[in-house]
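Presented below is the structure to which this report refers.
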Amino acid sequence: MAKRDFYEVLGVSRGASADELKKAYRAKAKELHPDRNKDNPNAEAQFKEVNEAYDILKDPEKKAAYDRFGHAAFDGGMGGGPRGPRSGRHPGGDFSSAFSDVFEDLFGDFMGGRGAGGARNRASRGSDLRYNLRVTLEEAYKGSQKTIRVPTMMACDDCHGTGAEGGAEPVTCPTCSGMGKVRAQQGFFTVERTCPTCGGLGQIVKNPCKSCRGAGRVEKERSLSVNIPAGVETGTRIRLSGEGEAGLRGGPAGDLYIFIEVRDHPIFQRDGLDLYCRVPVSFTTAALGGEVEVPTIDGGRSRVKVPAGSQSGKQMRLRGKGMPALRGGGAGDMMIELSVETPVNLTSRQKELLREFESLSQDNHPEGSSFFDKVRHFWDGMKG
């Protein structure tokens, strides 16, 4: 049975471009794949026919020979046809190569396939960097401008990031022809791996730059000014776009991520937007009532009224005196917790007055009876 015209097999004209050939091949390969046509006994033969046609037409040398001589260029009738290192096997029998093309075309986008342009058209982006920055609670409240020093990889000034002496452009890797990957035949399958010569870049440097030794980058420490917005808290992340490591071969730089850690404060404890502060008050102020002066996070002071009969642990609220919201929307509150202080180092007269005060204060306890009265009532109940 005579072979069909390869262009007819793929359903394209003789003037079809490489992209049109590839698009037609992918469509036919999907349509005729044996796994999708288990009920069609001719599917495998048709699938091989499509692979054979594309294996010839995708190669410029083989395509030129086919356009000139047709199938005779590959059946041995032309003697000196395009058999040689690149076509040592009959195209119809190179099923593993075709299978590799199908796998790459169908699944390359999901598994990091090289795509149409290969390594030559992929820029190598620089790595992202992390910097931990500690700030005070006051700085987190007001916001601040901080200068940091970051060690990073920067583009070499001598070769302008190319890695070649004098800034010359790198040349295409001869091992992988710029694809960044090489293929090796292992039985039925074709295995693809990173090119050992260029390390997957697709390019090599003939005369490496002496300053960076061909890397195109050098390690330096640079100063950056960072704006710390008001309202940050521990764990807040600030992203500085393009301030990470320089890319390889002129690729874009990575980003710098600054992670904020707010130091503990000797007076205030933070819970979200609210601040908590323990304020000592004297025994007499707690009993008789009065005012106390408390510090605020903005550096000022506020006077707070203490109700008569206040106990330790009583909380009072100063609205709007907490931390500002990071993206606007008001501020939290400041919660004041009273801590009643017991007098020490009493004189004999003070002790005498306190004993007199105690004898007159049986009915002035917060719960209406003293602790000892509660104990006495408990034991009386047990005896009864």
Side-chain angles (χ1 to χ4, degrees), residues 128-150 224-240 243 255-346 354 364-367 371 374:
D128 294 334
L129 297 177
R130 170 173 178 154
Y131 187 92
N132 296 328
L133 179 61
R134 301 186 70 190
V135 298
T136 64
L137 187 63
E138 288 84 358
E139 289 173 330
Y141 172 79
K142 297 178 181 179
S144 64
Q145 197 81 15
K146 305 282 282 188
T147 299
I148 61 175
R149 298 186 66 84
V150 183
L224 292 174
S225 181
V226 182
N227 180 39
I228 308 299
V232 296
E233 58 185 323
T234 297
T236 297
R237 187 181 70 173
I238 300 174
R239 174 174 172 262
L240 299 183
E243 297 294 349
D255 300 330
L256 174 63
Y257 290 91
I258 299 175
F259 286 78
I260 300 297
E261 179 186 352
V262 181
R263 294 190 182 100
D264 292 336
H265 197 275
I267 298 176
F268 301 105
Q269 289 79 45
R270 181 178 183 176
D271 183 10
L273 296 181
D274 295 333
L275 293 176
Y276 289 80
C277 176
R278 290 176 60 90
V279 178
V281 294
S282 66
F283 172 79
T284 53
T285 301
L288 303 176
E291 287 187 347
V292 291
E293 193 176 62
V294 297
T296 52
I297 190 62
D298 58 5
R301 305 185 78 83
S302 295
R303 298 193 67 82
V304 179
K305 289 186 177 181
V306 178
S310 294
Q311 305 296 311
S312 284
K314 179 179 177 58
Q315 289 189 344
M316 294 176 291
R317 184 187 301 269
L318 289 179
R319 296 195 177 276
K321 291 294 186 179
M323 298 295 291
L326 182 58
R327 293 176 178 84
D333 301 331
M334 179 175 167
M335 304 299 297
I336 299 170
E337 181 178 317
L338 299 182
S339 177
V340 179
E341 292 184 325
T342 302
V344 295
N345 301 323
L346 299 177
L354 284 175
N364 296 114
H365 295 289
E367 300 297 331
F371 171 76
K374 292 181 181 180

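In this text, all values refer to a predicted model and were calculated from it rather than measured experimentally.
A donor-acceptor distance shorter than 3.5 angstrom exists from the side chain of Arg270 to the backbone of Gly272, with no hydrogens or angles considered. A donor-acceptor pair under 3.5 Å links the side-chain atoms of Gln311 to the main chain of Gly309, judged by distance alone.
By the 4.5 Å heavy-atom criterion applied to side chains, Ser144 and Thr136 are not counted as neighbours. At least one side-chain heavy atom of Phe259 sits under 4.5 Å from a side-chain heavy atom of Arg130.
Rounding to the nearest 0.5 angstrom, the gap separating the CE atom in Met335 from the SG atom in Cys277 is 11.5 Å. In this structure, OH on Tyr257 lies 10.5 Å from CG on Leu129, to the nearest 0.5 angstrom. Going from atom CD of Glu243 over to atom OH of Tyr131 covers 14.0 Å, rounded to the nearest 0.5 Å. In this structure, CD1 in Ile258 is found 6.0 Å from CD1 in Ile228, a value given to the nearest 0.5 Å. Put simply, NE2 on His265 and CD on Glu138 are 3.5 Å apart, with the number rounded to the nearest 0.5 Å. Residue Glu293 holds its CD atom at 8.5 Å from OG of Ser302, rounded to the nearest 0.5 Å.
Counting all heavy atoms, side chain and backbone alike, Val294 lies closest to Met334 at CG2-CE, 4.5 Å. Taking every heavy atom of both residues into account, Ile238 and Asn227 meet most closely at CD1-O, 4.0 Å. Across all non-hydrogen atoms, the minimal contact from Ser310 to Pro307 is OG-O, 2.6 Å. Contact between Phe268 and Thr296 at its shortest, heavy atoms only, is CZ-C, 3.7 Å. Of all non-hydrogen atoms in Asp255 and Asp128, the two that sit nearest each other are N-OD1, 2.7 Å. The two residues Arg303 and Glu291 come nearest to each other via the heavy atoms NE-OE1, 2.9 Å.
Side-chain contact annotation: Asn132 with Arg134, donor-acceptor N/O pair under 3.5 Å absent.
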Contacts table for residues 317-326: side-chain donor-acceptor under 3.5 angstrom, sequence neighbours left out:
unit_1: Arg317; atom_1: NH1; unit_2: Asp333; atom_2: OD2; d: 2.9

Could you give the side-chain donor-acceptor pairs of residues 282-289 under 3.5 Å, partners two or more places apart or in another chain?
unit_1: Ser282; atom_1: OG; unit_2: Thr284; atom_2: OG1; d: 3.3
unit_1: Ser282; atom_1: OG; unit_2: Thr285; atom_2: N; d: 3.1
unit_1: Ser282; atom_1: OG; unit_2: Thr285; atom_2: OG1; d: 2.7

